[in-house]
Amino acid sequence: MKKRKAGIAIMTRMDERYNFRESERKWQTYWAKENAFVAESNPDKPKCYVLEMFPYPSGRIHMGHVRNYTLGDVIARFRRAQGFNVLHPMGWDAFGLPAENAAIQNGVHPAKWTRENIQTMKAQFDPLGLSIDWSREIATCEPDYYRHEQKMFLDFLKAGLAYRKTSMVNWDPVEHTVLANEQVIDGKGWRSGAPVERRELAQWFLKITAYADDLLAALDTLTDWPDRVRIMQHNWIGRSEGARVSFDLVGRDDKLEVFTTRPDTLFGAAFCAISMNHPLAKELAENDPALRDFITSCNAVGTSEAAIETAEKMGYLTPFKAHHPFDSAWELPVYIANFVLMEYGTGAIFGCPAHDQRDMDFARKYGLPVTAVVAPKDSDVSAFATALAAGTEAFTGDGVAIHSDFMNGLAVTEAKRAAIARLEAEHRGTGTVQFRLRDWGVSRQRYWGCPIPIIHCPHCGAVPVPDDQLPVTLPEDVGFDLPGNPLERHPTWKHVACPQCGKPAVRETDTFDTFFESSWYFARFCDPKNTATAFDRAAVDYWLPVDQYIGGIEHAVLHLLYSRFFTRAMETCGYLSVKEPFKGLFTQGMVCHETYRAQSGAWLYPAEVEKRTDGAIEIANAQPVTLGRSEKMSKSKKNTVDPGHIIETYGADAARLFMLSDSPPDRDLEWTDSGIDGAWRYIQRLWRLAAQPAVPFADGGEATEGAFEGSAKDTMTLAHRTISAVTDDLAKLRFNTAVAKLRELSNQLAVTKSQDKGAAAGYRFGLETLVRLIAPMTPHIAEEIWMALGHTTPLVASSWPEADPAWLVVDTVTLAVQVNGKLRGTLEAAVGAEAKALEAMALALPAVQSALGERTPKKIIVVPNKIVNIVG
RNA sequence: GCCCGCUUGAUGGAAUCGGUAGACAUAACGGACUUAAAAUCCGUAGCCCUUUGGGCGUGGGGGUUCGAGUCCCCCAGCGGGCACCA
């Protein structure tokens, strides 16, 4: 860095107060004019792809966005200063339900609503001063984006990664539409209030299960992901080893195939249970009205797993009996049970009440026997079995097999192996691996999404739309006055000639799940204008994977798992050469705010409330207000703060700084007035450190070692330590501690005494260091001060500071001295001092002697440079 | 119901590898400046006890260790996800 003498004249030009309005606009204009953040592939430079989860264009940005994009911006600016070729793009996740809801409620067309929202939100992002390459902006609702995913889908289809089958949906019998789980409230449609039914529908699926093993195994390679996200995905994929077992049915030729993870407990079987969607159940239901009623009542709970799991466990006894696979004389009753899912395993189970809690509950409800077949090692077997048979708690722990014929005495693992070996020998079953993960259903019976490029022909079946007829464009001449999907009743759009036989056929009217768009947008950003293909191979080879991906923890499983799958599917189909899209992942916390309620019980906006020392009142009528706990900012609770208003009042730098201060980024952040005030005051203080410095530093000269004494030396030391510590913190996304360390450096600058030797040079070095280090967080004021200090190259084009190792050397340390683990004093010693010497120094401390009293030390633990613990 | 987290002064948090708990802030209180207020600057402060000294203290209970906010077990409260919200 070139040193430049700043005359005092320059300093006096600085106004007493920092004018953020003028300065922020000035720098934003400058960055835009210089195309400062436009990225270009450059194989000679190390790249860094920083990406925040792209927003849904809801119409207004909220504080959660401000937090998300500020976090990403700090990393992008930091890496840029470190010399990386940074890609930091932005786009819009523009398909989805809210647009259709707006259309139904307000009569606005989803396309108009979405496009206008994008314009509004883009304008709201501008004043934040984000280092985004807007030249790469994409919106997923535009044909030039979704045409490529139609092609991808057809490639997946060719590769055997897409197929069609039936599955369950939530059906609203009044609106005649499929409802999202979110739209099912207490089993009823959110708008109609009618009880929701489960219905079967033919849908398209992507074969994510083809990659189940790889998706699971590769989690170990994602070392820059939070452990908890990896654990959640691990559990979601849910690999379990077990067996498929064939039960012969009494008096029938077909068999009942069940999946179990506990073949070792087969001798404890009390019943079999099948899903109500099992072919056997459907067969019975044809002639059994009572069973139909049972199925109808079970279907009333909807499709969400939470609803199914929390619903009361119920069974319907069928006339079927199943022969036990190891003893054909033993017959088990067969139930139809509401907790057996057709989607998992074979849609049928056998129940062992003694060793599975759900089976135990079921057995108690329907009076089935409970036979213990596993007992804890070294337990009194008969007493254990008797207690279990009489109780209501299943035993699911490890132990040895009992009452189990050929397995007796074997530990659980060995017994499983023995049971599978016997089943395989007798052709009654096989050992198998089952995943909890199900194939991804991508069909949605909605208008505002990407059309699925398929034509249904009565003669040829489902025919892919030929390449030269892509894209299948979503027609915009539709209305929302009638219930159901407008594509279904469009007069012309869906009627086409079959590409194969030329006879009349109809288009698929379902659209893709919006997770489809978000599963590859990160790749599109590498080459967003490409019209021929989804993206150029060289571009993705250079930019992918995303080095740092940032978003909410709520996407820990679905979006992230789908993107991992999609990347593999794209790799299989020759689109790119990486398997993992996101090298680094960071999950940010939510932005929360206190909640307020008026006397009437209505929620109040923070702006409607005045807080006083003795409580809070409603400004409009001076009535007392009930303060509620802090919750995620939401429109429904009205505990929101408008980012635009905050930026106008305090400036983008203050808003950004507050987002980064105090709360660790992965935890929830509580928005408070005092917090944003504090950030604003710090911005002003930073300005004063330059404009009204404690040390007149204009003639400071070079900052060389040995020329500093007293506070000036302290300032130099702290400045170098801060470079080292903040660099480390930013690399690890510990922005809150980085801010704390920058405040410490500010405090040190303020106490630098001008009479100390080297004060001017030390102060200047400290101030310049502070400004350079804070630039990624508060870029506008940093640039403003930097230029006022006489520099000619703006910080956006400057390199990151480096600490001089000579200033980082530490020669003495303070050690804690404990007696029996309790702190009794401290001592100063040279770094690396001998343990013996430290022992002697510690024992000589008066506090140690009085704490020790008459006792003699039994043992002394010395941890060099850290602690001396005397055990007496 | 199942899976995953979180819990530290009045408040947000720090303590990164098991080694001085409370960095840095916010709120509060005291002082300086001011006719006054704001702003700013300086100072005080975990809790309890009678101190100069001592005891207690990281949601609760137990354990491992010379030493636990940190590791293990149990419990409670709060939050995220559960496949068609994004």
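Model, not experiment: these values are computed from the prediction.
Pair assignment for rU34(B): none, as no Watson-Crick or G-U wobble contacts are both less than 3.5 Å. Pair assignment for rU65(B) gives none, since no Watson-Crick or G-U wobble pairing has each distance under 3.5 Å. Pair check for rG43(B) finds rC29(B); Watson-Crick or G-U wobble, both atom distances under 3.5 Å. Base pairing of rA83(B): no nucleotide in any strand meets the Watson-Crick or G-U wobble criterion (both distances under 3.5 Å). Across all strands shown, rA15(B) forms no Watson-Crick or G-U wobble pair with both distances under 3.5 Å. Figure legend. rU7(B) is base-paired to rA76(B); pairs are counted as Watson-Crick or G-U wobble with both atom distances under 3.5 Å. Across all strands shown, rU51(B) forms no Watson-Crick or G-U wobble pair with both distances under 3.5 Å.
When the C1' atom is used for both rG57(B) and rC48(B), the distance is 10 Å, rounded to whole Å. On the C1' atoms, rU8(B) is 15 Å away from rC24(B), given to the nearest whole Å. If you take atom P in rA25(B) and the same atom in rG79(B), they sit 32 Å apart, rounded to whole Å. Annotation: rU16(B) and rC85(B) have their P atoms spaced 41 Å apart (nearest Å). As rounded to the nearest Å, rG62(B) and rU44(B) have P atoms that lie 38 Å from one another. Between rC71(B) and rU20(B), the distance separating the two P atoms is 16 Å to the nearest Å. Taking atom C1' on both nucleotides, rG46(B) is separated from rG9(B) by 5 Å, rounded to a whole Å. With P as the reference atom, rC29(B) and rU64(B) are 47 Å apart, rounded to whole Å.
Nearest to the side chain of Arg667(A), among rA14(B), rG19(B), rC24(B), sits rA14(B). The side chain of Ala816(A) lies closest to rU20(B), out of rA27(B), rU20(B), rC66(B).
Rounded to a whole Å, the CG atom of Asp673(A) is 11 Å from the P atom of rA27(B). For Gln588(A) and rC6(B), the CD to P distance is 17 Å, given to the nearest whole Å. Remark: P of rU65(B) and NZ of Lys859(A) are 10 Å apart, rounded to the nearest angstrom. The distance between atom CG of Asn736(A) and atom P of rU16(B), rounded to the nearest whole Å, is 13 Å. Atom CZ of Arg685(A) and atom P of rC41(B) are 6 Å apart (whole Å). Across the protein-nucleic acid pair, Gln684(A) atom CD and rU40(B) atom P stand 9 Å apart, rounded to whole Å. Going from atom CZ of Phe735(A) over to atom P of rA14(B) covers 14 Å, rounded to whole Å. Between the CZ atom of Arg743(A) and the P atom of rG12(B) there is a distance of 17 Å, given to the nearest Å.
A pairwise comparison of heavy atoms in Ser519(A) and Tyr562(A) identifies OG-CB, 3.6 Å as the closest pair.
Within the 4.0 angstrom heavy-atom criterion, no nucleotide atom of any strand lies near Asp666(A). Ile861(A) comes within 4.0 angstrom of a nucleotide base, judged by non-hydrogen atoms across all strands. In this structure, Ser663(A) reaches the sugar-phosphate backbone alone: every heavy-atom distance under 4.0 Å involves primed, P, OP1 or OP2 atoms, never a base. Residue Asn747(A) is in sugar-phosphate contact alone, with no base atom involved, counting any heavy-atom pair closer than 4.0 Å across all strands shown.
For the pair Ala847(A) and Lys313(A), nearest-nucleotide mapping onto RNA chain B gives the more 5' position to Lys313(A).
Taking syn as a glycosidic angle within 90° of 0, rC73(B) does not qualify and is anti. Glycosidic conformation of rG53(B): anti, with the torsion beyond 90° of 0.
OP1 or OP2 of rC2(B) has not a single side-chain nitrogen or oxygen of Asn235(A) nearer than 4.0 Å. For rU26(B), one of the phosphate oxygens OP1 or OP2 lies less than 4.0 angstrom from a side-chain nitrogen or oxygen of Arg681(A). Applying the 4.0 Å criterion to OP1 and OP2 of rG54(B), one finds that Lys822(A) has every side-chain N and O outside that range. Residue Arg824(A) places no side-chain N or O under 4.0 Å from the OP1 or OP2 atom of rG67(B).
With ring centers used as reference points, Tyr146(A) lies under 6.0 Å from Phe95(A). With ring centers used as reference points, Phe20(A) lies 6.0 Å or more from Tyr650(A). Annotation: Tyr521(A) is in aromatic contact with Phe54(A) [ring centroid separation under 6.0 Å]. Here Trp204(A) and Phe512(A) keep their ring centres 6.0 angstrom or further from each other.
In this model, no side-chain donor or acceptor of Asp662(A) finds a partner on the base of rG13(B) within 3.5 Å.
Considering Phe566(A), Phe565(A), Tyr145(A) as possible partners of Phe516(A), the one that fulfils the ring-ring contact (aromatic ring centres under 6.0 Å, His included) test is Phe566(A).
Between the side chain of Glu100(A) and the backbone N or O of Tyr447(A) there is at least one donor-acceptor pair closer than 3.5 Å. No side-chain donor-acceptor contact under 3.5 Å links Arg364(A) to the backbone of Asp361(A).
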For this session: Would you give a per-nucleotide map of nucleotides 78-86 of chain B, 5' to 3', where B means the base has a protein non-hydrogen atom under 4.0 Å away, S means only the sugar-phosphate does, and - means neither?
Result: SSSSBBBBB
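Summarising the geometry, atom NZ belonging to Lys741(A) is positioned 6.5 Å from atom CZ belonging to Arg734(A); distances are rounded to the nearest 0.5 Å.
Salt-bridge annotation for Glu594(A) and Arg629(A): absent, with no side-chain N of the basic residue lying under 4.0 Å from a carboxylate O of the acidic one.
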